Amino acid sequence: MQQYEITYKETGDKFYCKEDESLLACMRRNNNGPVQIGCFGGGCGRCKVQILEGEYHKFKKMSRAHISEEDEKQGIVLACCIKPRGSITVTTAPN
Amino acid sequence: MALNKTLRPGLIQVRVLNMEESLNFYVNVLGLNEVGRTSDGRVMLKGYDEFDHHSVVLREADEAGFEYVAFKVDSPETLVNFKTATEAFGYPVDEVPANSDQPGFGKRYGFKLCTGHRIELYAEVELADQRPMVLNPDPWVEMPRGMRAQRFDHVLLYGPNIAEAERYFTEVLGMYAPEICNTPDGKRFATWLTSGNKAHDVALVEYDKPGKMHHFAFLLQDWNEIGNAADVMAKNGVKRDVGPTRHAITRGQTIYMWEPSGNRIETYCGGYTAYPDNPVRVWDVDEIGKGLFYYEGELIPSFLQIVT
C-alpha cells in the first residue's frame with residue numbers, strides 16, 4: 001500500500017500515513033503531529049491544523065464554524081477530513 | 001412521566017454536514033425511523049416507541065450543531081399561559097404557525113434563552129402513521145433496528161448564565177432540578193432539569209460561548225441494550241467518545257459517540273426516579289469527573305471541552 005511521509009514542522013519528526021487513512025487517524029496512530037482528537041466528523045473543529053507543503057484531498061465536509069473559505073486557501077483544515085496525496089508538512093494551526 | 005404541565009422535550013432540530021452519511025447513522029445504526037422529508041430537504045425521524053409525528057429533524061448545513069428544542073405542554077391553555085409567562089420573564093416570543101415548517105405540529109411559540117439557544121413550546125401534534133400499538137399491544141410494530149433507540153430523551157446545552165436559564169425552566173415551565181453542580185464560590189456550573197420522573201429532560205453547563213450543544217440523547221431499554229449499542233457502534237465503525245459506563249449524576253448508564261457530522265450522541269438508559277419533593281443532589285465541580293464517569297472515577301478532558 002502507498003504511504004506518504006508526514007513531517008511535523010515544530011519537531012521535524014517524520015511519520016507515515018497510509019493512503020486510505022485520514023491525516024488525523026495517522027497522527028493518532030503515530031502519536032505524533034499536532035494531535036487533538038475530536039469528533040472525527042468535521043463538526044467540532046478540534047483537530048484543526050495547517051498544511052504548509054504538499055498535496056492532499058478533502059474527502060469530507062468541514063464545518064464553516066471552524067474552517068472559513070479563506071482558511072482553506074491557506075491550507076488550514078481539519079485533519080479528520082483530509083487524506084495526504086503526497087508528502088506533506090503539517091503545523092499547528094494559527095488561532 | 002410528566003408531573004406538571006410541561007410534558008417532555010418532544011422535538012429537536014440539528015444541523016448535519018452530510019445528510020446521506022448522517023441519515024444512515026440515525027436510521028440504520030441508531031435505529032430511528034424516517035417519517036418523511038420537508039419541501040426544503042430536511043428529514044424527519046422518530047423512535048419506534050414514540051407516538052407523535054416526529055421528534056428529530058436533520059437539516060443539511062455548512063456547520064454541525066443545535067438549532068432548537070421544543071417542549072410539549074399538556075394543553076393549548078397551558079401553551080398560552082406559558083407564552084405570557086415567558087414574556088413576563090423577559091424573553092420576546094415569536095409564533096410559528098401550525099403545519100408550517102414542522103409537518104404535523106400545531107402552533108409553536110419560540111424564544112431565545114439567555115444561553116443563546118432557541119427553545120420552543122407546543123401543545124398539539126398529530127400522531128405518527130407508524131406508532132406503538134395500543135390494542136393488545138406487542139412491544140413493537142416492527143422489530144427495532146441497530147441500537148434500538150426507543151425515543152429522544154434529553155439534550156445537554158452549553159451557554160452563558162445557566163443560573164438564569166435554570167430559573168426560567170423552574171419558574172415558568174414548572175420543572176425542577178434533581179441534581180446540580182456548583183463552583184467553589186457557589187455559582188452554578190451545571191444543572192439537570194426535569195418535568196417528571198426522568199432524572200433529566202434538559203441539562204445545562206456554564207460556557208462562555210452561546211448556543212452550543214454538548215450532546216442529545218436517546219433512550220435504550222437497559223444495560224443489555226447498551227451492550228448491543230456498543231456492538232453496533234463497533235461493527236459500523238462509529239467513532240466512540242466515552243463508555244460504556246455509568247454516570248453517578250442521574251445514575252444512568254451510557255455510551256457517547258459521534259455521528260458522522262460531528263454531533264455527539266448519547267445512548268442512555270436507567271437513571272433514578274426523580275421526584276420534586278426529594279432533596280437536591282449537589283456536586284462540587286472538582287468531583288464532577290466521578291459524577292460523569294463513575295467507573296473511570298475521573299474526568300475525560302475532551303468530554304467537557306468539545307461541543308458543536
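The analysis underlying the following values was restricted to heavy atoms, covering all of them including side chains, and did not include hydrogens, waters or symmetry mates. Everything quoted here is computed from the prediction, not taken from an experiment.
For a residue to count as touching a neighbouring chain, one of its non-hydrogen atoms must lie under 4.5 Å from one of that chain's; by this rule Ile306(B) touches chain A with the side chain only. Residue Val16(B) does not touch chain A at all, counting heavy-atom pairs closer than 4.5 Å.
Judged by distance alone, the side chain of Asn161(B) and the main-chain N or O of Cys114(B) form no donor-acceptor pair under 3.5 Å. A donor-acceptor pair is defined here as one N or O able to donate and one able to accept, closer than 3.5 Å; such a pair exists between the side chain of Lys60(A) and the backbone of Pro260(B).
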Q: With salt bridge (charged side-chain N to carboxylate O under 4.0 Å, His left out) as the test, would you mind laying out the steps for Glu266(B) and Arg264(B) before giving the verdict?
A: CA-CA 7 Å; Glu266(B) 181 180 20; Arg264(B) 191 191 274 104; over 6 Å; no
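Between His54(B) and Tyr26(B), the ring center distance fails the sub-6.0 Å criterion.
Of the charged side-chain nitrogens involved, at least one lies within less than 4.0 Å of a carboxylate oxygen, so that Arg59(B) and Glu67(B) count as a salt-bridged pair. By the 4.0 Å N-to-carboxylate-O rule, Glu296(B) lies too far from Lys290(B) to be salt-bridged with it. A salt bridge links Asp101(B) with Arg108(B): the closest approach of a Lys/Arg side-chain nitrogen to an acidic carboxylate oxygen falls below 4.0 angstrom.
Proximity to chain B at a heavy-atom threshold of 4.5 Å picks out Ile37(A), Gly38(A), Cys39(A), Phe40(A), Gly41(A), Gly42(A), Gly43(A), Cys44(A), Arg46(A) from residues 29-48 of chain A, in numerical order.
With chain A as the partner, the residue from Ala64(B), Gly65(B), Ser261(B) showing the most heavy-atom pairs under 4.5 Å is Ser261(B).
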